[in-house]
**Q** 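Would you mind keeping the following structure in view while I ask a few things?
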Amino acid sequence: MPKDGGIGASTKRREDIRFLTGRGVYTDDLNLHGQTFAVFCRSTVAHGKIVSIDTSATEAMPGVLAVFTGEDFKDVGGNPAGWLINSRDGTPMREPKRPVLAHGKVRHVGDAYAAVVAETYAQAKDAAEQLAADTVIDELPAIVDMKAAVADPSNRVHDEIPDNLCFDWGWIEDNRAAVDEVFKSAPHVTTLELVNNRLVPNAMEPRASIGEYFPGTGDYKLTTTSQNPHLTRLLIAAFVMGIPENKLQVVAPDVGGGFGSKIYHYGEEAVVLAAAKKLKRPVRWTAERSESFLSDAHGRDHVTKIELACEKDGTFLAFRTETLANVGAYLSNFSTATPTFLHGTLMAGPYKVPKVYVNVKTVFTNTAPVDAYRGAGRPEATFSLERVIDKMCRELGLDQFEVRRKNFITPDMYPYTTPVGLVYDTGNYHATLDKALEMTDLAGFEARAAEAKSRGKLRGLGLSTWIEACGIAPSNLVGVLGSRVGLYDAATVRVNATGNISVMTGAHSHGQGHETVFAQIVAEKLGVDANSVEIVHGDTAKIPFGMGSYGSRSLAVCGSAIDRAMGKIIAKGKKIAAHMLEAAEGDIEFKDGTFSVAGTDKAKTFGEIAFSAYVPHNYPLETLEPGLEETAFYDPGNFTYPAGAYLCEVEVDPDTGKVQVVAFHCADDFGNIMNPLIVEGQVHGGVGQGIGQALCENTSYDENGQLTSASFMDYAMPRADDVPFYNVDYSCQTPCTHNPLGVKGCGEAGAIGSPPAVVNAVIDALHRGGYDHVTHIDMPVSPARVWAAMQKH
Amino acid sequence: MTKVTLTVNGRSMSGEAEGRTLLVSFLREELGLTGTHVGCDTSQCGACVVHVDGKAVKSCTVLAQDVNGASVTTIEGMANEDGSLGVVQQAFQDHHGLQCGFCTPGMVMSSAALLAENPKPTEAEIRHYLEGNICRCTGYHNIVKAVLAASGQDVSALGVAAE
Amino acid sequence: MYNFDFVKPATLDEAVAALGGEDAQPLSGGQTLLPSMKQRLNAPGVLISLTGIAALKGVKLEGRTLVIGAATPHAVVATEAASVYPALAALAGGIGDPAVRNRGTIGGSLANNDPSACYPAAALGSGATIVTNTREIAADDFFTGMFETALEQGEIITAVKFPVPEKAAYLKFQQPASRFALTGAYVAKYQDGVRVAITGASEGGVFRWTEAEEALNRSFTAEALNGLSLPAEGMMGDLHGTPAYRAHLCAVMTRRAVTAAG
């Protein structure tokens, strides 16, 4: 057991104290002197031409201070996509401008075309209603269905894009012909068409932003619900508003969950800044949940045909997929990377499949933008693979466990280069599968199924063996792949004169517990009490730079940057110790917080070194600078590759079609573990969201582009009684080989691995109940869908 | 505007409310108690749960004037007198029953209401009782575990606890 | 929400007088009304809270009739009706969630007559009498369509009289998001016959399934319902279930309610 709250300890989260006592400070909790309130006018039609907006009556209403329309922002930049993807024929993707406020056309229900700022929220709300009444929008036919969008070139989301296609991407295009050849001669081919359902992220804290402008200095401040304030600043500065970065402070205080939806820069952030400058007063906006449903970036939304070519014994020969990926009405910041490099590159799974070809056509529709949501592309890849493998096993009558084992990459094969461009550094997929089976009590399953049957329920068991690439990196690779930015991260470790430590990290914690875990790592490495370490995040004025938290990157990338900065601190401390102890620098050892001269009892504590660093008297200033503060930038050498095996048991009520998850076992390999308590929590949360995707969550647009699941009354969020206790294990550890902590990341695992395990379990239950005509049910596997599938004899 | 006076966490507090002022807005904006959160506009998510005269209510669906004179307990009033975490709060920390913290005030208030009604609830009773509180982070495992622990039940089989 | 004037009378007479004013609406818990007002779908000029009227609260047994004050919260019914009319208490204890049950009232629910609400099924399934400030209305005459009742403008429900059956049960299949009834079946066996009320399913709101009642009058067993089904026509269809699915659930829930009633 680790001691003193260092690495590996299940340290209590320090941030919990403020959250549990109502003292957290989320954006909407701020109450600023002179604040004003913004309310946005949002399109009620999916597609329309803005004919006129008459602001005169609105401007005359009580309390109204300013009205903004798309016209006010037509000369500033657009909100860009972060990744440039080329089509198979080499042509670059189509990137329509995403304006701050819709201009000329509205392109989805919820598309903001105007904003009203008033003295009170109620006045702004009333005024926005007036402005909407004074706006004329000619409705155009809505483009909702992806297949229709591509097939009908006459109706366009963006006038300049004739077929509503952003790009037609092949991965790896050069392998296409060879893959096709495999399918022509394969002994068996299993084909599955499936939908990866669109999800509304629904972080419990709705988005909120407050803009401030300080006329005395010309400085701006944006307080916003962001997972990465530096990226938001960069986008506003370099692409949208042109505000110099040194004049713009972006602060993301306590943030109530993100799951991807708060990675991105949104137009509301630009509007509150522009309004604050115009009014010289703080301007605040907080989304109502109804607005969140319409305007947050959604997730997933793929329609995929996947084919598996194999031998009759289940040995994989090739995978081939064709996917339509919905990006919605505009490109959000990561929306082009998600269906491509976060999806196609994972299409080999943990398997030694020799050939893979992935085709993705990304389609504009009159729906809310779609972007990365917990897992981002990797859940889509995993779902397609694990569902088609399950179907193949049923078709050929093969044991699903043996088929996985037969095809797993084996531990002697690392580093392993996949046919879709990744190099897995390490792993042990047999070990996690064996562990999951041990946790499941496979031998007892038939008895459990019989007992369920005595209660009229059909019990089923579903497996998913998943892998992901996270800690997205390295910068040179992502640059080649089309990313407009490198994906390194930065940290500053500042040892204060009295020995306590401030760590400035580019990661942002919105539930992950960085304030606790990063302090554990610092305490362990520097041999100090964790309580003397403060983790500072979420403020561009305090932190050198950072790319924020998403893609399970915080520990692997930002944690490594902290580790590197600590290495510099220790090196500097040795110099100081050598000077103080009148020894050669090479003779100084650092252990457990003490600098000592090797082979002697001469030593200085960490605190003594720190104090000396700031109050030097006789330093050799040419070779030893005062101070003890180091900044490091860390660019990972590779992605990390967490992997695992998930087994789900469900019970299906054949009378109603209702599915209840009754057991869920997770055996994961996350490499080294920093805080087991937090790792378990991350897996629980991911699995909960995965069960939500698999069974409950249905984002539904009707043919007119109206969101029919636009509130918690119709969008089924998983509740406490929808899920079981999860059985979580992370003892199979193959530490990452290329980062200093040996960590892989655990934030997205549950959401990636669980949906196919749930759906496979439902199919298993139905087959066991005699409904073997059911080969697939699209998510969410709702009671109505299960019942309908059972009826089709 | 009408003057509304409440006993909040044992203290008499007053402020002005319109007819439409919701209890949650009154607490957050008029009394400055921002621990109670708003997570939806359809009375589903439960982030706003407080106790009014000892009963859990969704403060986003109660008019401030309708509870004029009532005794209200919010998350800010759940700690012990010495400032240490109360039993339910402490169990949530010990068992990692919160991540982003946004739903947490409502979860704690609902859990406390449950334990007041039912001091030793089963897992199923807890899950059912928390039906009106949505959490997006935890998958509910550690919330249910924390409530079991707060009621003095053994949770050692349900994963690690904080050291 | 648009603004309005709020009044909270202490007596029924004051409430009735206030309701005579222009744009006045009663508020009886508000667990449905307030969300609809937040969406600006409803904009009363004056809102009259009924929950301060002591005479409208409470659960009491009068002979074999359980009388529930209209402003009694679901949570109180769940507790206080449990020994006398357990099926009704269980239904009240399953509405919404605990916080909703502490505010929402029986009168508010019945007056709103949401097609997916639980209480209309209990009232119709029990052959209850809805008592107002001016008259008594039989449940069979009270529910006149989706969100529609026999109540006149300004008329206030004061109490609901439930004849206590020999046995009864309510089985609800929850809509996965809202947790309202996707379909709920209330079955009650009285000396003079069985009543079956279905909520959540029909475009016309709560209704009695007379064929099921006849079958159960012959034999109060789940098997007696074998072969009985309702047509999909006229059932609601939405994201959560087609009309055919709802029609199917009506039969499933009714069978289960009969079994549960014992």
Side-chain angles (χ1 to χ4, degrees), chain A residues 1 5 9-13 15-26 28-29 31 122 201-206 254-259 286 288-290 510-513 676-678 680-689 691 711-713 717-721 723 725-726 728 750, chain B residues 18 20 28-29 32-42 44-45 47 74-79 83 85 89-90 92-96 98-105 108 123-124 126-145 158-163:
Chain A
M1 181 65 68
S10 286
T11 303
K12 276 181 201 176
R13 294 202 331 165
E15 45 273 76
D16 288 355
I17 302 294
R18 66 177 187 271
F19 296 143
L20 282 164
T21 55
R23 296 196 194 99
V25 181
Y26 301 85
D28 188 64
D29 296 341
N31 183 12
N202 278 324
M204 292 317 298
E205 179 202 22
D254 287 327
V255 172
F259 315 109
T286 299
E288 297 178 359
R289 178 60 58 186
S290 303
H510 35 278
Q512 297 90 338
L677 185 74
I678 286 175
E680 289 187 6
Q682 289 294 309
V683 175
H684 297 159
V687 173
Q689 280 175 307
I691 292 173
S711 80
F712 292 145
M713 297 295 280
M717 293 284 279
R719 314 273 180 128
D721 59 2
V723 294
F725 281 127
Y726 319 103
V728 175
Chain B
E18 291 184 316
R20 63 179 157 185
R28 287 178 58 82
E29 293 155 27
L33 294 168
T34 57
T36 303
H37 296 152
V38 179
C40 78
D41 44 19
T42 53
Q44 290 277 316
C45 84
T74 69
I75 189 68
E76 288 92 344
M78 294 300 283
L85 295 181
Q89 292 169 314
Q90 188 62 57
F92 269 67
Q93 188 190 25
D94 289 346
H95 299 283
H96 191 22
L98 64 153
Q99 291 183 24
C100 82
F102 196 80
C103 78
T104 306
V108 169
E123 177 200 345
I126 296 167
R127 290 186 186 277
H128 180 63
Y129 198 93
L130 295 178
E131 188 178 16
N133 292 80
I134 300 176
C135 170
R136 194 54 151 167
C137 292
T138 64
Y140 301 101
H141 180 112
N142 282 339
I143 291 172
V144 179
K145 184 184 173 200
L158 299 174
V160 297
E163 291 163 15

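A, B, ... follow the sequence lines: proteins, then strands. Residue 1 opens every chain.
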**Q** Pick one of side chain, backbone, both or neither for B:Ala124, based on which atoms fall under 4.5 Å of a heavy atom in chain A.
**A**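 Neither part; nothing is under 4.5 Å.
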
**Q** At a 4.5 Å cut-off on heavy atoms, which part of A:Ile678 comes close to chain B: side chain, backbone, both, or neither?
**A**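 Contact with chain B involves both backbone and side-chain atoms of A:Ile678.
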
**Q** With a 3.5 Å cut-off and no angle check, do the side chains of A:Gln512 and A:His510 form a donor-acceptor pair?
**A**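 There is such a pair (donor and acceptor under 3.5 Å, judged by atom type) between the side chains of A:Gln512 and A:His510.
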
**Q** With chain A as the partner, which of B:Cys103, B:Gly35, B:Ala47, B:Cys40 has the greatest number of non-hydrogen pairs under 4.5 Å?
**A**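 If we count pairs closer than 4.5 Å to chain A, B:Cys40 comes out on top.
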
**Q** At a heavy-atom separation under 4.5 Å, does B:Leu85 approach chain A through its side chain, its backbone, both, or neither?
**A**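 Answer is side chain: those atoms of B:Leu85 sit under 4.5 Å from chain A.
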
**Q** Set out, in order, the CA-CA distance, both residues' side-chain angles and the distance that settles side-chain contact (heavy atoms from CB on, under 4.5 Å) for A:His684 and B:Thr138, then state yes or no.
**A** CA-CA 6 Å; A:His684 297 159; B:Thr138 64; 5.8 Å; no

**Q** Looking only at heavy atoms and a cut-off of under 4.5 Å, which of B:Asp94, B:Val38, B:Thr36 has the most pairs with chain A?
**A**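 Most heavy-atom pairs within the cutoff with chain A belong to B:Asp94.
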
**Q** Please state whether the side chain, the backbone, both or neither of A:Tyr26 comes within less than 4.5 Å of a heavy atom of chain B.
**A**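 It is the side chain, since no backbone atom gets that close.
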
**Q** Checking A:Asp28 against chain B: side chain, backbone, both or neither under 4.5 Å from a heavy atom?
**A**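 For A:Asp28, heavy atoms of backbone and side chain both lie under 4.5 Å from chain B.
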
**Q** Check B:Cys100 against A:Gly257 and note the closest heavy-atom contact, atom names and distance.
**A**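 Taking every non-hydrogen atom into account, CB-N, 3.2 Å.
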
**Q** Give, as side chain, backbone, both or neither, the part of A:Val728 having an atom under 4.5 angstrom from any heavy atom of chain B.
**A**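 For A:Val728, no heavy atom lies under 4.5 Å from chain B.
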
**Q** Evaluate the side-chain proximity of B:Thr42 to A:Ser711: yes if any heavy-atom separation is below 4.5 Å, no if none is.
**A**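 Yes, close enough: below the 4.5 Å cut-off.
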
**Q** Who among B:Leu130, B:Leu158, B:Leu98 has the most heavy-atom pairs with chain A under 4.5 Å?
**A**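 Winner by heavy-atom pair count: B:Leu98.
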
**Q** Among the options B:His37, B:Gln93, B:Glu131, B:His95, pick out the one with the most heavy-atom pairs lying under 4.5 Å from chain A.
**A**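 Heavy-atom pairs under 4.5 Å are most numerous for B:Gln93.
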
**Q** Given a strict heavy-atom distance threshold of 4.5 Å, which part of A:Met717 is in contact with chain B: side chain, backbone, both, or neither?
**A**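 Side chain only.
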
**Q** Please test A:Tyr726 against B:Asn142 for side-chain contact (heavy atoms from CB on, under 4.5 Å), starting from the C-alpha separation and ending with a verdict.
**A** CA-CA 10 Å; A:Tyr726 319 103; B:Asn142 282 339; over 6 Å; no

**Q** With no hydrogens and no angle check, just 3.5 Å: does a side-chain donor-acceptor pair link B:Arg28 and A:Asn31?
**A**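 No - no donor-acceptor pair under 3.5 Å links their side chains.
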
**Q** With a 4.5 angstrom heavy-atom cut-off, is it the side chain or the backbone of A:Glu15 that approaches chain B, or both, or neither?
**A**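 For A:Glu15, no heavy atom lies under 4.5 Å from chain B.
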
**Q** Between A:Val723, A:Thr286, A:Leu677, which residue shows the highest count of heavy-atom pairs closer than 4.5 Å to chain B?
**A**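 Greatest number of close heavy-atom pairs with chain B: A:Leu677.
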
**Q** Contact part of A:Arg13 toward chain B, heavy-atom cut-off under 4.5 Å: side chain, backbone, both or neither?
**A**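 Contact with chain B involves both backbone and side-chain atoms of A:Arg13.
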
**Q** May I ask you to name which of B:Gln44, B:Glu76, B:Glu18 has the most heavy-atom pairs under 4.5 Å with chain A?
**A**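 Highest number of heavy-atom pairs under 4.5 Å: B:Gln44.
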
**Q** Do A:Glu288 and A:Ser290 meet the criterion of a side-chain donor-acceptor pair at a distance under 3.5 Å?
**A**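 The criterion, which ignores hydrogens and geometry beyond distance, is not satisfied for A:Ser290 and A:Glu288.
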
**Q** Of the non-hydrogen atoms in A:Asp29 and A:Gly24, which two are nearest, and what is the gap between them?
**A**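 Scanning both residues completely, I find the closest heavy atoms to be OD2-O, 3.4 Å.
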
**Q** Between A:Val255 and chain B, which part of the residue has a heavy atom less than 4.5 Å away: side chain, backbone, both or neither?
**A**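 Contact with chain B is through the backbone of A:Val255 alone.
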
**Q** May I ask you to name which of B:Thr74, B:Ile126, B:Ile134 has the most heavy-atom pairs under 4.5 Å with chain A?
**A**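 Result: the option with the highest number of such pairs is B:Ile134.
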
**Q** Hey, does the Lys NZ or Arg CZ of B:Arg127 hover above the aromatic six-ring of A:Phe725, less than 6.0 Å from the centre and inside 45° of the axis?
**A**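 Yes, B:Arg127 sits over the ring of A:Phe725.
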
**Q** Give the intermediate values and the outcome of side-chain contact (heavy atoms from CB on, under 4.5 Å) for residues B:His96 and B:Lys145.
**A** CA-CA 9 Å; B:His96 191 22; B:Lys145 184 184 173 200; over 6 Å; no

**Q** Could you walk me through whether B:Phe102 and B:Cys135 pass side-chain contact (heavy atoms from CB on, under 4.5 Å), step by step?
**A** CA-CA 8 Å; B:Phe102 196 80; B:Cys135 170; over 6 Å; no

**Q** Just so I understand: if I count every heavy-atom pair under 4.5 Å between each of A:Gly688, A:Ala122, A:Pro201 and chain B, which residue has the most?
**A**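 With the most close heavy-atom pairs to chain B, the winner is A:Pro201.
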
**Q** Name the option with the most non-hydrogen atom pairs under 4.5 Å to chain B; the candidates are A:Gly258, A:Gly681, A:Pro676, A:Gly513.
**A**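 Highest number of pairs under 4.5 Å: A:Gly681.
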
**Q** Between B:Gln89 and A:Leu20, what is the shortest heavy-atom contact and its length?
**A**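 Shortest heavy-atom contact: NE2-O, 2.6 Å.
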
